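Since the model is a prediction, treat every value here as computed from it, not as a measurement.
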Amino acid sequence: MTSELLKFLIASGGQRPEQLLATERRQYHKDHLVIRNRKGKSKGKAAEGERTLHVVPFNELMLRSLKAMDEINQLSLYPFEGKTEGKSLHTQSLSRAVTKLYGRHVDRFNGPFTLRDIRRTCKTLMGVAGLDKELRDRIQGHAFNDVSSKHYDRYGYFLEKKRGLQRWAKWLQKNVISPA
């Protein structure tokens, strides 16, 4: 189960694991998922408790991982359910899995590799795959704090994120999953 979650996190461009794991199955739709983004909120009293919705389009690799999870249990409240029924996998379990994986492949890394390194690595490699910084920021759900983005731009960038994540999946397939 943790291996499919790791694959999903990487295929999704490095979403925040805590937010992904807190996302119930009902937020997973046919071609996207909706994450309640608790990061990047604006400051001030009016915005206290404010949550933004972060829409993440699916690519083929993400759908494969979700299908594998559905084969295990498609009735659970969370797609990545933990050992306790009705509860999501805990981030500590995922973190331990990454640490164990690193321990088996220490020779392939320049230093310790932890769960938080996945997001940074995805961001960097999406750049290598040809995605510009703004698109990478949108895929990862970063806040844009300029006046125009904050107050005027309500466009969701769904198609751009979808094309970017499809390009990312092709790059992963060619360079990581089945390198020549």
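Put simply, Val34 and Leu77 are part of two different groups of oily side chains (I, L, V, M, F, W, Y) that touch within less than 4.5 Å, one to the next. Tyr28 and Leu75 fall into different hydrophobic clusters, where Ile, Leu, Val, Met, Phe, Trp and Tyr residues are linked whenever their side-chain heavy atoms come under 4.5 Å apart, directly or through other members. Taken together through direct or relayed side-chain contacts under 4.5 Å among Ile, Leu, Val, Met, Phe, Trp and Tyr, Tyr157 and Tyr152 form parts of separate hydrophobic clusters. The hydrophobic clustering, which links ILVMFWY residues whose side-chain heavy atoms are closer than 4.5 Å, places Leu5 and Tyr78 apart.
For the pair Cys122 and Trp168, the minimum side-chain heavy-atom distance is below 4.5 Å. Put simply, the side chain of Phe80 reaches to within 4.5 Å of the side chain of Met69, judged on heavy atoms. Under the 4.5 Å side-chain criterion, counting only non-hydrogen atoms from C-beta, Ile177 is in contact with Leu61. Inter-residue side-chain proximity for Ile139 and Val56 is flagged as unmet; no heavy-atom pair is nearer than 4.5 Å. No side-chain heavy atom of Leu165 sits less than 4.5 Å from a side-chain heavy atom of Phe58. Between Asp153 and Phe144 the shortest side-chain heavy-atom distance does not fall below 4.5 Å. In this structure the side chain of Asn59 reaches within 4.5 angstrom of the side chain of Met62, judged on heavy atoms. Two residues are said to be in side-chain contact when any heavy atoms from C-beta on lie closer than 4.5 Å; Pro79 and Leu66 meet this criterion.
A donor-acceptor contact shorter than 3.5 Å is absent between the side chain of Ser149 and the backbone of Asn145. Side chain of His29 to main chain of Asp31: no donor-acceptor pair is present (N/O by atom type, distance under 3.5 Å, no hydrogens or angles). A donor-acceptor pair under 3.5 Å is formed between the side chain of Thr99 and the backbone N or O of Ser95. In this structure a side-chain-to-backbone donor-acceptor pair under 3.5 Å is present from Ser88 to Leu21. The main-chain N or O of Gly86 is found under 3.5 Å from a side-chain atom of Glu81 such that the two form a donor-acceptor pair. A distance-only check finds a donor-acceptor pair linking the side chain of Arg25 to the backbone of Ser76 [under 3.5 Å].
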Discussion item. Set out, in order, the CA-CA distance, both residues' side-chain angles and the distance that settles side chain to side chain contact (heavy atoms under 4.5 Å, CB included) for Ile118 and Val98, then state yes or no.
Written reply: CA-CA 9 Å; Ile118 290 175; Val98 170; 4.0 Å; yes
Practice prompt. Start with the C-alpha distance between Phe113 and Thr121, add both sets of side-chain angles, then the distance that settles side chain to side chain contact (heavy atoms under 4.5 Å, CB included), and finish with yes or no.
Written response: CA-CA 10 Å; Phe113 191 86; Thr121 302; 3.5 Å; yes
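Taking the ring-ring contact (aromatic ring centres under 6.0 Å, His included) definition, one finds that Tyr102 meets it with Phe109, sequence neighbours left out.
In terms of heavy atoms, Ala68 sits closest to Glu4 at CB-CD, 3.8 Å. The two residues Lys7 and Ser65 make their nearest non-hydrogen contact at CB-OG, 3.6 Å. Of all heavy-atom pairs between Pro57 and Lys162, the closest is CG-N, 3.5 Å. The two atoms that bring Val106 and Gly103 nearest to each other are CG2-O, 3.6 Å, heavy atoms only.
The aromatic rings of His32 and Phe158 stand perpendicular to each other, their planes meeting at an angle above 60°, with 30° marking the opposite boundary.
Among residue pairs with one or both ends in residues 129-138, those qualifying as side chain to side chain donor-acceptor pair (under 3.5 Å) are Lys123-Asp137, Lys133-Asp137, Glu134-Arg138; sequence neighbours excluded.
Lys170 contributes atom NZ, which lies 11.5 Å from atom NZ of Lys174 (distance to the nearest 0.5 angstrom). Arg96 contributes atom CZ, which lies 8.5 Å from atom NE2 of His90 (distance to the nearest 0.5 angstrom). Between the CZ atom of Arg108 and the CG atom of Leu101 there is a distance of 9.5 Å, given to the nearest 0.5 Å. Rounded to the nearest 0.5 Å, atoms CD (Glu18) and CG (Leu94) are 9.0 Å apart. One distance of note links CH2 of Trp171 with CG of Leu125; it measures 4.5 Å at 0.5 Å rounding. The CG atom of Leu135 sits 7.5 Å away from atom CE of Met126, with the distance rounded to the nearest 0.5 Å.
No more than 12 heavy-atom neighbours from other residues, nucleotides or ligands sit within 6.0 angstrom of CG on Asn110. Other residues, nucleotides and ligands contribute over 12 non-hydrogen atoms within 6.0 Å of the CZ atom of Arg163.
Donor-acceptor pairing under 3.5 Å is recorded for the side chains of Gln140 and His142. In summary, the side chains of Glu160 and Tyr155 do present a donor paired with an acceptor at a separation below 3.5 Å, with no hydrogens or angles considered.
Of the residues listed (Arg36, Gln19, Gln15), the one engaging His54 in a side chain to side chain contact (heavy atoms under 4.5 Å, CB included) is Gln15, and it is the only one.
Salt-bridge formation is detected for the pair Arg120/Asp117: a Lys NZ or Arg NE/NH1/NH2 atom is positioned less than 4.0 Å from an Asp or Glu carboxylate oxygen. Salt-bridge check for Arg26 with Glu24: passed, with a basic side-chain N closer than 4.0 Å to an acidic carboxylate O.
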